[in-house]
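Heads up, the thing below is written out as structure tokens.
Throughout, a chain's letter reflects where its sequence line sits, starting with A, and its residues are numbered from 1.
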Amino acid sequence: MATFADLDSTQIYRRHVTVPSIKVGMGTCGTIAGANRTFEAIQQYLSERSISANCVRVGCLGLCSLEPLVEVHLPGRCRLLLKNVHHSEVFPILDDLFHQILPEEYAFAQYRDEALSPWNNVPFVEELPFFSLQNRVVLANCGKINPFDIEEYLSAGGYKAFQKAISVYTSAEVCDLIEESGLRGRSGGGFPTGRKWKSVLYSNAAQKYVICNAEESDPGAFMDRAIIEGDPHRVLEGISIAAYAVGATKAYIYIRTEYTIAIQTLEQAIRQAREKGLLGQNILNSGFSLDISIKKCPGAFVCGEETALIASIEGKRGMPETKPPYPSAQGLFKKPTVVNNVETFANVPAIIQNGPAWFAAIGTAQSKGTKIFAISGKTKYTGVVEVNMGTTLRKIIFDIIGGIKDNKRLRAIFLGGPIGHCLTESEMDIPIGFDELRQAGLSMGSGGMVVLDEDNCIVDTLRYFSHFMQHQSCGKCIPCREGTRRLSEIFDKLTRKPDPLYKSAPIERIKAIMQLEPLADVMRTTSLCGLGQSAATPVLSALQKFKSDFEEHLYERKCSANVCKQLRSYSISPKACTGCGVCVPKCPTEAIKGSLRSTYYIIEELCISCGKCVDACKFNAILIQ
Amino acid sequence: MHDDNIDSLLKTYPAGRQEYLIPALQEIQHRWGFISEEAVKKLAEYLRVPSSVIYGVATFYNQFRFVRQGKYHFQICYGTACYLFGTSTLLEELESMLGIKDGEISDDGLFSLEVAGCLGGCAQAPVVAVNGEFYTHVTLHQLRQIVENIRLEENLR
């Protein structure tokens with residue numbers, strides 16, 4: 001039987017290493033960027049040169065666009081971060097480094113340590129806004145410790161909070177601490193976590209459950225994945241504390257099946273926690289027992305909704321139920337159930353360890369602590385950042401993540417993906433927080449942030465979101481099932497020229513856009529679950545803020561970002577056209593007129609902008625505007 | 001075809017419990033690449049759940065496929081970041097090159113296509129995977145080369 005003393009692990013973080021230590025970022029983002037090959041190349045290098053060194057895989061540091069990211073710690077030198085290390089570059093880079101030569105092109109930053117000698121001309125991490133403006137509490141270990149080794153988490157102070165919870169506090173006291181800290185659910189709703197736990201704790205049932213919601217299927221959100229891949233034990237510890245607090249003996253982690261690396265990491269973490277006696281029967285002689293299982297979600301956006309998630313774990317179609325009863329009263333297998341998301345659980349250990357006052361001192365009056373955002377799209381860096389609540393979006397986008405790629409202009413931010421609001425630059429100064437954003441008529445969402453630049457079209461992006469939502473609607477309630485379908489149809493019409501053979505098409509386009517607002521309103525007020533209620537949110541907010549974009553598509557039938565292909569106008573250059581006539585039979589609407597060996601021309605009213613003539617023409621005579 | 005194996009696979013789950021339906025379907029798909037009619041029948045008998053319910057559950061989720069995978073399984077990421085970087089053009093090109101659409105397999109059994117929710121390479125958008133091998137920042141030209149190289153290799157055999 002393990003005891004508390006067994007868990008006092010030896011310090012793995014050595015400031016002074018005797019052999020070189022190399023860490024490779026191998027989360028999903030790193031793996032896709034080719035980190036596996038980089039890792040193999042490093043091992044090959046070390047064995048070929050007979051160099052003894054530690055080479056380990058770590059999670060994501062949050063700089064996904066600089067992957068494969070490699071940290072090299074040579075004896076006596078500061079830890080150095082290298083960016084974009086392609087496997088073919090490993091040998092020359094390491095040759096340089098082992099001869100104490102800096103591969104300048106790849107050096108990104110170094111960690112300051114007064115006892116070690118720094119690298120010349122390399123910024124320290126605290127000098128880079130990406131690191132200095134963040135407050136990495138939940139992500140503290142991500143990209144730094146080996147997620148496959150429980151010892152590293154223990155040496156970083158892991159599972160101390162869990163020990164403290166089960167040995168010092170009663171269940172009710174843990175709930176109190178969490179409530180005092182002001183922690184609110186991180187998946188978007190912002191419900192006070194402590195209050196949710198209490199309602200489960202005080203419900204009378206022999207069996208209770210805890211579910212960790214890792215079904216992060218907003219395409220463009222990857223905060224939870226980053227936490228799990230970088231620091232899985234923090235999540236397990238949070239779940240364990242929650243289970244103790246509510247009196248549950250069984251917990252599930254419901255995770256997207258596409259997250260293969262995160263699932264492997266979790267499986268290994270659970271196995272190691274069991275071996276250490278941190279999971280199982282009578283944990284650390286406290287009398288508390290807990291088992292955690294992984295349930296893989298077979299892919300459905302709606303399963304992020306808690307009642308749908310519960311249905312899915314029970315082996316049914318993932319369809320939401322009406323609430324109440326809430327899961328805290330009648331959840332999994334009709335038993336009281338706590339459902340929180342990954343980030344919420346990952347916040348718990350630090351709160352128990354440092355006390356609720358410490359947590360409550362971070363953030364704003366109503367929103368405490370930090371929030372993690374996954375930022376993708378047209379920004380300089382793509383990645384995961386953690387900031388104090390109350391930070392402005394401007395700081396996140398323009399300072400931390402480096403602004404817009406290639407010095408282009410920001411067009412919009414979609415906060416919360418396909419069910420979130422769209423924001424313009426004028427709203428960048430609103431501080432991040434549940435109530436602060438709500439007062440401005442916005443919502444925080446789960447933390448996915450997609451950034452559009454001037455090359456992206458708002459209407460086309462909304463068309464993408466509406467098709468996504470139509471596909472993901474479970475079909476149970478009519479406002480959502482039919483509403484998302486109508487939304488898709490409306491956006492299809494807007495991004496296409498009216499069919500010339502169908503006389504009432506132009507008037508239908510105008511009618512469609514007039515119906516947008518009432519349709520969105522019906523969906524918002526009458527849908528069963530959050531998916532349907534918020535499916536039209538991006539549309540409504542874009543209608544207010546980007547009216548001219550809609551008008552341009554509707555009246556002028558033009559897309560100034562030149563994204564909506566079917567709104568382009570085509571013409572034939574008289575100079576380049578040889579009159580070969582190859583394009584004529586390719587045109588589905590017979591819009592190309594003329595005669596052989598003379599210049600052909602396109603009748604704009606008949607043209608549907610399919611672009612088939614462009615493919616057919618061998619002389620580049622078709623002009624696109 | 002693989003009845004015996006399915007029986008042994010099913011024995012790893014307790015009989016008559018619907019909560020094991022999804023894990024069992026996932027394991028079947030993991031081993032054989034798709035959900036066959038026989039597998040559904042066996043599963044229905046074992047878990048004591050009508051096969052109509054099994055089809056209801058299996059068709060609800062994006063993961064399950066009822067057609068086997070081609071020798072080269074293309075996954076094209078259709079997440080938001082990839083979309084902003086022009087994955088729709090790539091998808092059109094891929095569909096016309098392979099002559100198949102999402103969830104289909106080509107007549108020669110060589111290619112199958114899957115439009116994936118989000119593969120997780122938002123920083124490397126657009127992303128295409130062939131049999132699990134990732135191609136990042138994919139351009140139309142690169143995509144054509146990938147397909148051409150596969151065709152060349154197959155013709156040489």
Side-chain angles (χ1 to χ4, degrees), chain A residues 27-29 31-34 63-67 217-222 225 256-259 261 295-301 303 312-319 333 374-378 381-383 414 417-418 448 450-453 455-456 460-461 464-465 468 471-472 474-475 563 565, chain B residues 13 17-27 29-30 35 43 47 49 53-65 75 77-89 92-93 96 102 114-125 127-129 132-137:
Chain A
T28 301
C29 49
T31 307
I32 289 181
L63 281 159
C64 306
S65 47
L66 301 186
E67 298 280 3
S217 49
D218 160 9
F222 42 91
R225 191 190 71 207
R256 282 185 77 191
T257 185
E258 288 93 335
Y259 282 0
I261 296 176
K295 285 276 179 182
K296 289 181 267 184
C297 171
F301 183 71
C303 288
S312 178
I313 294 185
E314 290 172 353
K316 300 172 190 155
R317 287 165 73 99
M319 287 179 166
F333 306 116
I375 302 158
S376 62
K378 302 292 183 74
Y381 300 131
T382 296
F414 280 92
V450 180
V451 180
L452 277 65
D453 71 0
D455 293 342
N456 295 121
D460 181 64
T461 309
Y464 165 79
F465 283 150
F468 177 80
H471 189 63
Q472 297 301 336
C474 79
V563 173
K565 271 184 233 155
Chain B
Y13 302 100
R17 304 257 301 263
Q18 188 173 348
E19 68 211 75
Y20 292 97
L21 171 57
I22 291 173
L25 284 171
Q26 284 172 327
E27 194 52 38
Q29 171 147 320
H30 175 70
I35 313 281
L43 199 56
L47 294 177
V49 174
V53 170
I54 296 184
Y55 276 114
V57 169
T59 52
F60 182 84
Y61 298 100
N62 300 337
Q63 186 192 357
F64 300 117
R65 34 187 302 134
Q75 285 171 298
C77 179
Y78 218 68
T80 316
C82 286
Y83 188 79
L84 293 181
F85 284 95
T87 207
S88 53
T89 317
E92 272 172 33
E93 181 69 18
S96 83
D102 180 24
E114 179 189 336
V115 178
C118 177
L119 293 173
C122 301
Q124 278 80 29
V127 176
V128 174
E133 192 182 334
F134 292 104
Y135 295 87
T136 56
H137 303 292

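Options B:Phe85, B:Phe64, B:Tyr20 differ in how many heavy-atom pairs under 4.5 Å they form with chain A, and the most are formed by B:Phe85. Chain B forms more heavy-atom pairs under 4.5 Å with one residue of A:Pro298, A:Pro219, A:Ser217 than with any other, namely A:Pro298. Per-residue counts of heavy-atom pairs under 4.5 Å with chain A were compared for B:Cys82, B:Gly120, B:Gly79, B:Pro23; the largest is that of B:Gly120. With chain B as partner, the option from A:Glu314, A:Met319, A:Gln472 having the largest number of non-hydrogen pairs under 4.5 angstrom is A:Glu314. For the set B:Leu119, B:Leu21, B:Val57, the entry with the most heavy-atom pairs within less than 4.5 Å of chain A is B:Val57. Comparing A:Ala374, A:Gly448, A:Cys303, A:Gly318 by heavy-atom pairs within less than 4.5 Å of chain B, the highest count is held by A:Gly318. Interface check for chain B: of the options A:Gly417, A:Gly377, A:Gly383, the most heavy-atom pairs under 4.5 Å are formed by A:Gly377. If you tally non-hydrogen atom pairs under 4.5 Å between each of A:Ile313, A:Thr382, A:Ile375 and chain B, the highest count goes to A:Thr382.
The parts of B:Gln18 that come within reach of chain A are both its backbone and its side chain, each placing non-hydrogen atoms under 4.5 angstrom from that chain. Contact of A:Thr257 with chain B is made through the side chain alone, with heavy-atom distances under 4.5 Å. Contacts of A:Cys474 with chain B are made by both backbone and side-chain atoms, with heavy-atom separations under 4.5 Å. Heavy-atom distances place both the backbone and the side chain of B:Tyr78 under 4.5 Å from chain A. Both the backbone and the side chain of B:Thr89 come within contact range of chain A, each with at least one heavy atom under 4.5 Å from a heavy atom of that chain. In this structure, the portion of A:Phe333 lying under 4.5 Å from any heavy atom of chain B is its side chain and not its backbone. The contact between A:Phe465 and chain B is made entirely by side chain atoms (from C-beta outward), counting heavy-atom distances below 4.5 Å. At a 4.5 Å heavy-atom cutoff, the contact between B:Val127 and chain A is made by side-chain atoms alone.
Smallest separation of non-hydrogen atoms from B:Gln29 and B:Arg65: OE1-N, 3.0 Å. Closest of all the heavy-atom pairs between B:Cys122 and A:Gly220 is SG-CA, 4.3 Å. Taking every heavy atom of both residues into account, B:Gly121 and A:Ile32 meet most closely at N-CD1, 3.5 Å. For the residue pair B:Leu43 and B:Ala24, the shortest heavy atom distance occurs at CD1-CB, 3.7 Å. B:Leu25 and B:Ile35 get closest at one heavy-atom pair: O-CD1, 3.4 Å. Considering all non-hydrogen atoms of both residues, A:Thr31 and A:Ile261 come closest at OG1-CD1, 3.3 Å.
Surrounding NZ of A:Lys295 are more than 12 heavy atoms belonging to other residues, nucleotides or ligands, all under 6.0 Å away.
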Candidate pair B:Glu92 and A:Lys565, rule side chain to side chain contact (heavy atoms under 4.5 Å, CB included), full reasoning: CA-CA 12 Å; B:Glu92 272 172 33; A:Lys565 271 184 233 155; 3.5 Å; yes
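Not counting sequence neighbours, the partners of B:Tyr61 by the side-chain hydrogen bond (donor to acceptor under 3.5 Å, both in side chains) test are A:Ser312. Partners of A:Asp460 by side chain to side chain contact (heavy atoms under 4.5 Å, CB included), not counting sequence neighbours, listed by chain and number: A:Cys457, A:Arg463, A:Val563, A:Cys564, B:Tyr83.
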